[in-house]
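Below is one structure, written out as structure tokens, with a few remarks after it.
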Amino acid sequence: MEKKTLYRYFGNCATEKERIQVLEWTKASPENLKEFCRERNIYNAILLSTDNIQRTKYDFRRHYRAQLLRIAAVVILLLSVAFGSFYLTMGDRIVPLYSLTVPAGNSNTLLLPDGTKVWLNAGSTIKYPSSFLGMQRNIEIEGEAYLEVAHNRWKPFIVNTPNGKVKVLGTKFYVTSTLKEKDFMVSLIEGSVKISSGEKSAMLKPGYRAQFKDGEFKQSVIRTFETELWKDGIYYFKDKSFDELMEGFEKCFGVKISIDKDIKSTERYTGKFHRYNGIQHALQALQHDFNFDFKWDKELNTIQITSKHK
């Protein structure tokens with residue numbers, strides 16, 4: 001994959017064809033995924049390094065002048081591309097809008113312009129501006145995310161999702177919202193948030209989880225954070241069928257799994273696997289409870305599940 005295509009993707013300047021090309025490329029092999037993550041980290045580091053340099057009062061005129069010029073040249077090139085194709089207009093200001101989609105089998109962490117930290121699970125997407133203008137800090141998230149929001153009492157932080165939104169001043173919380181499942185759930189660690197979906201709204205206190213179901217917000221005490229273990233690289237599943245479990249494996253480990261039609265199981269599964277132990281370890285553990293064979297084509301990054309007798 002050409003680096004210029006990757007950087008166009010990171011800067012949200014890629015065409016739809018290039019975007020699909022990048023996502024398919026990351027799924028093709030673990031090596032491609034590693035290269036994607038490495039280049040993404042370099043891209044983020046350049047932007048963050050530039051931001052830190054702009055804020056320091058130290059005199060760089062001698063020893064670091066050449067280094068600054070090199071970094072500035074790269075950043076100007078990247079941002080000039082982003083400015084040209086995707087932006088928000090606010091009054092007489094033009095603000096670039098960035099978008100990041102995390103490939104299956106991976107997670108990502110990024111720092112927003114206001115200092116807010118965001119952890120994104122596999123398959124999740126975030127859209128955010130290069131700077132927060134106006135009276136609010138608005139971002140968009142689809143999927144699963146954990147946020148540590150930088151406090152600013154004068155400028156609320158708004159997380160817009162497909163099924164609702166979360167309004168905060170400064171706090172730590174998890175949010176899950178997907179178009180496919182129509183799910184909207186918020187787990188509050190500290191601070192306070194206002195959640196809303198349509199005309200319904202509610203205030204959430206620390207240590208509580210709220211889920212929007214049947215047109216109402218239903219709150220409960222957080223007794224465990226097992227559903228949020230993805231942040232630590234752990235895939236947790238509860239009362240899942242074999243087919244549902246394989247769908248979760250595809251997202252967690254970044255592989256494509258095909259199941260033979262004659263595979264039938266009435267079992268329900270509960271447990272957890274660490275992403276970094278790999279898909280092979282997870283499948284071998286499941287073979288103790290359910291008779292099946294699997295064949296992993298590492299070149300195509302696909303797994304075929306077959307009956308044990310085949």
Side-chain angles (χ1 to χ4, degrees), residues 99-102 107-110 112 114 116-129 132 134-232 234-241 244 247-248 251-252 268 270 272:
S99 177
L100 169 65
T101 299
V102 181
S107 59
N108 208 332
T109 307
L110 67 156
L112 299 186
D114 65 335
T116 293
K117 297 178 182 178
V118 183
W119 285 256
L120 290 170
N121 197 13
S124 302
T125 297
I126 183 173
K127 294 181 180 179
Y128 61 97
F132 292 109
M135 300 302 295
Q136 295 180 341
R137 296 171 286 169
N138 279 279
I139 67 169
E140 296 179 24
I141 288 178
E142 180 182 349
E144 297 175 284
Y146 171 71
L147 296 92
E148 294 184 356
V149 178
H151 182 77
N152 186 337
R153 63 178 299 184
W154 307 113
K155 185 178 289 191
F157 191 95
I158 311 294
V159 180
N160 298 281
T161 79
N163 305 298
K165 66 179 181 179
V166 185
K167 181 178 180 180
V168 304
L169 297 177
T171 187
K172 299 178 182 180
F173 65 96
Y174 291 90
V175 59
T176 300
S177 184
T178 58
L179 280 170
K180 183 179 179 181
E181 287 84 10
K182 302 294 183 183
D183 191 22
F184 182 38
M185 183 171 65
V186 178
S187 302
L188 184 60
I189 312 303
E190 65 178 51
S192 63
V193 300
K194 180 180 180 180
I195 51 180
S196 61
S197 181
E199 297 181 355
K200 299 292 183 177
S201 63
M203 293 298 298
L204 194 59
K205 296 180 179 180
Y208 281 79
R209 176 180 290 129
Q211 188 167 16
F212 192 71
K213 271 190 173 183
D214 303 322
E216 298 288 344
F217 280 108
K218 299 182 179 180
Q219 299 192 29
S220 60
V221 176
I222 299 175
R223 304 190 184 280
T224 175
F225 282 101
E226 288 179 323
T227 56
E228 288 87 7
L229 286 174
W230 59 264
K231 180 174 174 285
D232 300 312
I234 297 173
Y235 172 54
Y236 170 78
F237 49 96
K238 183 177 181 180
D239 195 32
K240 298 286 187 182
S241 67
E244 290 171 335
E247 288 181 11
K251 176 181 177 181
C252 178
R268 309 293 293 187
T270 297
K272 53 189 173 184

Taking only residues two or more places apart in sequence or in another chain, which ones pass salt bridge (Lys or Arg N to Asp or Glu O under 4.0 Å) with E244?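 Only R268 meet the salt bridge (Lys or Arg N to Asp or Glu O under 4.0 Å) criterion with E244.
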Specify the closest pair of heavy atoms between P206 and G191, including all atoms of both residues, with the distance to one decimal.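 Closest approach of P206 to G191, heavy atoms only: CG-O, 3.0 Å.
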Which heavy atom of F184 sits nearest to which heavy atom of S197, and what is that distance?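 Nearest heavy atoms, F184 then S197: CD2-CB, 4.4 Å.
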Partner residues of [X] under the side chain to side chain donor-acceptor pair (under 3.5 Å) criterion, sequence neighbours left out:
X	answer
Q211	D183
K200	E216
Y235	none
D232	none

So do the side chains of [X] and [Y] get within less than 4.5 Å of each other, counting heavy atoms only?
X	Y	value
N160	I139	no
N138	Y128	no
I141	L147	yes
F157	N152	no
E228	R209	yes
L100	L110	yes
K272	L229	yes

Would you please name every residue forming a side-chain contact (heavy atoms from CB on, under 4.5 Å) with [X], sequence neighbours left out?
X	value
T101	Y9, T125
V102	N106, N108, L120
K182	N163
Q219	A202, L204, Y208, A210

Residues S201 and S196: side-chain donor-acceptor under 3.5 angstrom: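 Judged by distance alone, the side chains do not pair up.
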Taking the six-membered ring for Trp, are Y174 and W230 parallel (under 30°), tilted (30 to 60°) or perpendicular (over 60°)?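 Because their plane-to-plane angle is over 60°, the rings of Y174 and W230 count as perpendicular.
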Applying ring-ring contact (aromatic ring centres under 6.0 Å, His included), can you list everything that pairs with Y236, at least two apart in sequence or on another chain?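 For Y236, no residue satisfies ring-ring contact (aromatic ring centres under 6.0 Å, His included) once neighbours in sequence are set aside.
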[X] side, atom [atom1]; [Y] side, atom [atom2] - distance, nearest 0.5 Å:
X	Y	atom1	atom2	value
I195	F173	CD1	CZ	10.5 Å
K194	I158	NZ	CD1	9.5 Å
F225	S187	CZ	OG	6.5 Å
E226	I234	CD	CD1	10.0 Å

Please confirm whether the backbone N or O of T116 pairs with a side-chain atom of R137, one donor and one acceptor, at under 3.5 Å?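 A pair under 3.5 Å: no.
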Selection residues 155-168 - residue pairs positive for salt bridge (Lys or Arg N to Asp or Glu O under 4.0 Å), sequence neighbours left out: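 Output for this query is empty, none listed.
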Determine which pairs satisfy salt bridge (Lys or Arg N to Asp or Glu O under 4.0 Å) with at least one residue from residues 138-154, sequence neighbours left out, and list them in order.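 Checked against salt bridge (Lys or Arg N to Asp or Glu O under 4.0 Å) - neighbours excluded - the pairs reaching residues 138-154 are E144-K251.
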